[in-house]
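This one's a predicted model, so the numbers in the text were calculated from it and none came from an experiment.
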Amino acid sequence: MVDFPGFFQILKAARFDGPVQLHFEYPAMGGAENGDRKLKIAKEQVVSAMQRDLRYVRAQMMAAGV
């Protein structure tokens, strides 16, 4: 787990203005964690989880003033 508030405070203090990459990893969600190339669950479920997490990270960035 990432301490997003702490991480974004560090970026703000360093005046970082470059891109931020978000890596998604979901255990037991689709089979990719086992090397599978095809999803075992609906694509919409994976996309929904990614959208939820992206909204969270964006909110954390805004709260930190980044």
Pairing residues for Arg52 by the side-chain contact (heavy atoms from CB on, under 4.5 Å) criterion, not counting sequence neighbours: Tyr26, Ala49, Arg55
Least distance between heavy atoms, Val66 atom then Phe8 atom: CG2-O, 3.3 Å
Nearest non-hydrogen partners of Lys12 and Ala64, listed with the distance: CD-O, 3.0 Å
All side-chain contact (heavy atoms from CB on, under 4.5 Å) counterparts of Ala42, not counting sequence neighbours: Glu44, Gln45
Contacts of Gln21 that satisfy side-chain contact (heavy atoms from CB on, under 4.5 Å) - sequence neighbours left out: none
Gap separating the CZ atom of Phe7 from the CE atom of Met61, nearest 0.5 angstrom: 8.5 Å
Side chains of Ile10 and Phe16 in contact at under 4.5 Å (non-hydrogen atoms): no
Student check: side-chain heavy atoms of Leu11 and Val20 closer than 4.5 Å: yes
Over 12 non-hydrogen atoms of neighbours within 6.0 angstrom of CG in Asp17: no
